[in-house]
Amino acid sequence: MDLQLKDKVILVTGGSKGIGHGISVLLAAEGAIPVIIGRDRKSMLEVVADIERSGGKASFAMAELTDPEQCRLAVESTVEKFGKIDGVVNNAGINDGVGLENGNYEDFLRSINRNLTHYYLMAHYALPELKKTQGAIVNIGSKTSVTGQGGTSGYAAANGGRNAITREWAVELLPYNIRVNAVIVAECYTPLYDRWIKTFDNPEEKLKAITDKIPLGQRMTTAEEIASTVAFLLSNRSSHTTGQLLFVDGGYTHLDRSIS
């Protein structure tokens with residue numbers, strides 16, 4: 001299926017690592033131009049170079065996403081370079097372990113800013129261009145918003161907010177034919193996930209205990225599988241889909257795990 005994404009300019013926050021990297025690479029393979037937004041210049045340059053070596057197009061813009069002004073400038077620089085924005089993928093974030101019992105006000109607020117506030121900022125600053133192109137927004141979310149995890153109040157709250165603004169924006173942006181959806185992730189093996197697994201005394205045993213509970217195939221979701229759904233939601237092939245939370249998780253969140 002041709003997703004008709006050729007030369008579509010798509011902002012991807014955190015698009016040089018983990019799930020974001022998978023999204024950037026797949027979008028470029030589909031002919032789109034991912035513009036990676038983040039603060040790690042080295043990794044962004046590497047991803048852009050890799051995409052270009054593969055015959056694709058990509059770009060990047062530096063921004064500390066907790067800084068509203070840097071978010072605004074990243075969007076402006078993209079418009080100056082390409083003349084348009086066709087889509088936004090809000091992806092950047094980190095499960096920073098700010099809990100209720102062991103957390104505090106300052107860390108909780110910082111977690112919200114690291115994991116939710118920039119979703120609003122990027123969409124807000126890109127909106128004038130999205131209205132011109134009748135583009136699309138895809139927010140990446142987490143199962144913690146519906147299952148809880150324990151010890152991660154900030155991240156769970158931020159992801160609940162991601163779900164809520166997805167549906168809120170879908171309503172608000174109906175007059176402009178801008179579609180807004182979310183892809184909810186459960187267990188996807190990324191460098192951050194690898195770092196977390198290695199904090200356990202027996203990482204391999206812990207990983208097996210998790211994957212054994214994933215109903216479909218008893219394996220992790222891949223970044224490419226998440227990216228494929230993101231690309232579909234950005235494309236006109238999903239032209240009547242908006243306000244949806246799509247769980248790309250092998251059934252982990254909603255299927256009875258006793259079946260595995």
Review point. Just wondering, do L207 and Y193 contact through their side chains at under 4.5 Å, heavy atoms?
Key: yes
**Study point:** Check: K131 and L173 side chains under 4.5 Å, non-hydrogen atoms
**Key:** no
Check your understanding: Measuring from K57:NZ to I33:CD1, what's the distance to the nearest 0.5 Å?
Key -> 5.0 Å
Revision key, fill the gap. Only one of I51, L234, L3 passes side chain to side chain contact (heavy atoms under 4.5 Å, CB included) with L27, and that residue is L234
Practice item. Return each pair, listed once, that meets side chain to side chain donor-acceptor pair (under 3.5 Å) where at least one residue sits in residues 169-186; pairs must be two or more places apart or across chains. Key: R179-S238
**Study point:** Pair listing, ring pair (Phe, Tyr, Trp, His ring centres under 6.0 Å) test, anchored in residues 121-165, at least two apart
**Key:** Y120-H124
Exercise for review: Please go through L245's hydrophobic cluster and name the other residues, only I, L, V, M, F, W, Y counting, with side-chain heavy atoms under 4.5 Å joining them.
Suggested key: V146, I184, F247
Exercise for review: Evaluate salt bridge (charged side-chain N to carboxylate O under 4.0 Å, His left out) for D50 paired with R53, printing each intermediate quantity in order.
Suggested key: CA-CA 5 Å; D50 287 344; R53 276 194 294 271; 2.2 Å; yes
Study note, to complete from the structure: For I94, the hydrophobic cluster (side chain heavy atoms closer than 4.5 Å, chained through members) also holds L192
Check your understanding: What distance do K206 atom NZ and N202 atom CG have between them, rounded to the nearest 0.5 Å?
Key -> 11.0 Å
Check your understanding: Do L246 and L26 belong to the same hydrophobic cluster, where Ile, Leu, Val, Met, Phe, Trp and Tyr are linked whenever their side-chain heavy atoms lie under 4.5 Å apart, directly or via other members?
Key -> no
Study note, to complete from the structure: Taken in chain and number order and not counting sequence neighbours, the residues that satisfy salt bridge (Lys or Arg N to Asp or Glu O under 4.0 Å) with R72 are E69, E76
Check your understanding: Are I137 and N90 side-chain neighbours, meaning at least one heavy-atom pair lies under 4.5 Å?
Key -> yes
Review point. Is the closest side-chain heavy-atom distance between I178 and L127 below 4.5 Å?
Key: yes
Point to revise | pair F82-S59: side-chain heavy atoms closer than 4.5 Å | key: yes
Review point. Got a sec, which pairs hit side chain to side chain donor-acceptor pair (under 3.5 Å) with one end in residues 17-26, sequence neighbours left out?
Key: K17-D40
